[in-house]
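Step one of this worksheet: look at the structure below.
Worth saying up front: this structure is predicted, and the values here are computed from it rather than measured. Remember, it's 1-based here, ligands and their atoms both numbered in the order they're listed. Atom set for the values below is all heavy atoms of this structure, side chains included, hydrogens, waters and symmetry mates excluded.
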Amino acid sequence: MHPISKAIRTQIDRTNEMEHSQPMFLTSSFCFDNAEEMRAAFADETDDNIYSRFSNPNVQEFVDRMCALEGTEAGFATASGMSAIFASFMTFLKQGDHLLSCRSIFGSTHTVITKYLPKYGISHSYVDAGDMAAWEEAIRPETRMIYVETPTNPALEIIDMETLSSLAKKHGLILVVDNCFATPVIQRPADFGADLVIHSATKWLDGQGRVLGGVVLGKKELIKDVYLFCRSTGPSLSPFNAWLLSKSLETLDVRMERHASNAFYLAQQLEGHARLSLVKYPQLPSHPQYAIAQKQMSNGGGIVCFELKGGIDAGRNFLNALRMLSLSANLGDTRSIASHPASTTHAKLTEAERAAVGISAGLIRISVGLERKEDILQDILQALEKVST
Ligand SMILES: *Cc1c(COP(=O)(O)O)cnc(C)c1O
C-alpha cells in the first residue's frame, strides 16, 4: 500500500462493539488479569499498556500512522512540539557536547538552545542555512548533533537534507529535522538520511487549530532512548489530543494539496506587486534554494512570505487593514492567518539579529488556509492598497 493509504487504514484493533471509527481510551492506567501478567509487563517482557504516561492505544495509533507517513520504524508522541524537541536534546546530548543548528529557527527552540542547554553544559553554533560549506567548518570534536528546520520558520529557507545527512554520517553525528512546515506528504526527511524527524502536531497535522501535540520519529534503537527519557520525565500526549490528531491524519494529504495550491497561486499573483519588495515561496523559481526545494519537496507547502516596502509601520498597517485573514501566532489552520514577526514573535531581537535570520522589518508570513484562493488574494490585495509606501 502507498504510505498515505497505509496511514489511513492503520487503526486500533476493533473492540467487541465492532465500531468503525476509533474509540477514545481516556484512561490513565490499564489492568492485568493476574500478578504474573503484571510482572511480565513491568519487566518489559510484553508490550501491554501499563500507564498512559508510558503508552496508550490512541497515542500509539497516532504514532503508528506517523511512522507509515514518514517511513520510520518507531516514534514517541509528546504533549507539544517543544516537548518533542526538548526530549530529543535531553536524550542524546550530555555535558560537554556541542550542537550545530541552522540560524533561522523557531523562537522557542532558539530559547531552549541559548538559554537552557548552556545550564547543562551543552554548547551550540548557528550556521546560515544556505551555506553548505559552513556546516562542515563548524563541526568540532565534541559536536554530537545537527538540528535543522527545512523550510525554516519564518524565513522559508531550504536546506539540502541529502548533503547534510552525508556530512552527519561522515562525522558520526545525529541529524534531526523539524519537519513541521512541510509535513510527510510533501517531504520525508528519513528518505534523505535524517536520523530523527520531529513535528509540532499542533500545526498542519491537526490542521484545524484545536490542540497541541508533538512527535519524535526514527529508528527503533534511537526512539527506545527517547521513550525511556519521556516515560520517566512525563511530557506524554493526552489520549484525547491523540484521538483528534490521529483522525486529522486521514485528511492530511488532501488538505495539504489544497493549502499548497492556494499558496502557490497567492505567491504567483503577488510576485512583482508594486508594494512588495519580495515574495518568498519554495516553488517560485526566484526562491534562492528553488533547485533544492524541487529535489526534496513535492510541492511548496502552505506558507507564503512577502516583504512590504515601508518596514515596521507598513507591517502594522497591513495587519490592521485585513478583513478576513486572522491575526494569530499559530499556523497550519483551515483559516488563513497573517503574522508580522518583526513587531510580534521576533520583536525582542535587534534589527541586525532579525536580519541574520532572514526577517526584515516588513516581512509578513501568511499561513494559507482552505478558503477559496480568490478570497484570500482579494483580502491581501485590498489591505496592500491601504498600506502607504
Ligand atoms: C510551532 C513550532 C514548534 C513548536 O511546537 P508547539 O507544538 O507549539 O510546542 C516547533 N517547530 C516549529 C517549526 C514550529 O512552527
Side-chain angles (χ1 to χ4, degrees), residues 59 62-63 66 70 75-90 99 101-117 126 129 145-159 161 176-184 186-187 189 194 196-217 226 230 233-238 240-242 244-245 248-249 256 259 263 280 282 297 300-305 328-333 337-339 341 344-346 357-359 363 365-368:
V59 175
F62 168 66
V63 169
M66 284 305 297
E70 287 284 10
F76 188 83
T78 55
S80 67
M82 283 321 301
S83 48
I85 292 166
F86 186 62
S88 33
F89 288 157
M90 286 291 110
L99 167 75
S101 165
C102 55
R103 192 183 307 281
S104 167
I105 201 168
F106 183 65
S108 297
T109 310
H110 169 74
T111 304
V112 170
I113 290 176
T114 55
K115 186 172 172 190
Y116 294 105
L117 293 190
Y126 281 135
M145 179 184 279
I146 297 181
Y147 183 91
V148 296
E149 292 172 13
T150 182
T152 63
N153 180 7
L156 291 182
E157 286 164 353
I158 311 282
I159 302 172
M161 292 187 283
V176 185
V177 176
D178 180 337
N179 198 26
C180 173
F181 264 39
T183 82
I186 295 175
Q187 76 181 12
L196 292 177
V197 182
I198 292 191
H199 281 278
S200 165
T202 316
K203 312 294 170 53
W204 302 108
L205 300 188
D206 173 57
Q208 288 144 94
R210 302 168 300 183
V211 296
L212 296 174
V215 66
V216 188
L217 302 149
V226 175
C230 290
T233 55
S236 327
L237 180 65
S238 138
F240 176 75
N241 289 8
L244 278 175
L245 291 169
S248 290
L249 293 182
M256 290 317 295
H259 283 297
K280 213 165 181 193
M297 300 173 79
I303 305 283
V304 177
C305 289
S328 171
N330 197 24
L331 63 96
D333 199 307
I337 294 169
S339 69
T344 58
T345 48
H346 294 72
V357 294
I359 300 171
L363 184 81
R365 183 188 75 189
I366 306 289
S367 167
V368 182

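Listed by atom number, the atoms of ligand 1 under 4.0 Å from G81 heavy atoms are 5 (O), 6 (P), 7 (O), 9 (O). Ligand 1 places these atoms under 4.0 Å from at least one heavy atom of N153: 15 (O).
Nearest protein heavy-atom neighbour of atom 7 (O) of ligand 1: T202 OG1, 2.6 Å. Among all protein heavy atoms, the one lying closest to atom 9 (O) of ligand 1 is M82 N, 2.9 Å. The nearest protein atom to atom 5 (O) of ligand 1, hydrogens excluded, is given as S200 OG, 2.9 Å; this is a heavy-atom distance. The nearest heavy-atom contact from the protein to atom 15 (O) of ligand 1 is K203 NZ, 2.7 Å. Taking atom 4 (C) of ligand 1 as the reference point, the nearest protein heavy-atom neighbour is F106 CE2, 3.4 Å.
Contact annotation: the side chain of C102 never approaches that of E157 to less than 4.5 Å [non-hydrogen atoms, C-beta and beyond].
Heavy atoms of N330 come nearer than 4.0 angstrom to ligand 1 in no pair at all.
The main-chain N or O of F106 is found under 3.5 Å from a side-chain atom of E149 such that the two form a donor-acceptor pair. Looking at S367, its side chain does come within 3.5 Å of a backbone N or O of G332 through a donor-acceptor pair. The main-chain N or O of T150 is found under 3.5 Å from a side-chain atom of Q187 such that the two form a donor-acceptor pair. The backbone N or O of G213 lies less than 3.5 Å from no partner atom in the side chain of S80, so there is not a single donor-acceptor pair. Formation of a donor-acceptor pair under 3.5 Å by the K280 side chain with backbone atoms of A155 is found in this model. For the pair D206 (side chain) and L212 (backbone), a donor-acceptor distance under 3.5 Å is absent.
Annotation: D178 places an N or O atom under 3.5 Å from an N or O atom of ligand 1; distance criterion only. By the 3.5 Å distance cut-off applied to N or O atoms, E149 is not counted among the residues near ligand 1. Considering backbone and side-chain atoms together, I85 places no N or O closer than 3.5 Å to any N or O of ligand 1.
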Check your understanding: Stepwise, does the ring pair (Phe, Tyr, Trp, His ring centres under 6.0 Å) test hold for Y116 with F89?
Key -> CA-CA 11 Å; Y116 294 105; F89 288 157; over 10 Å; no

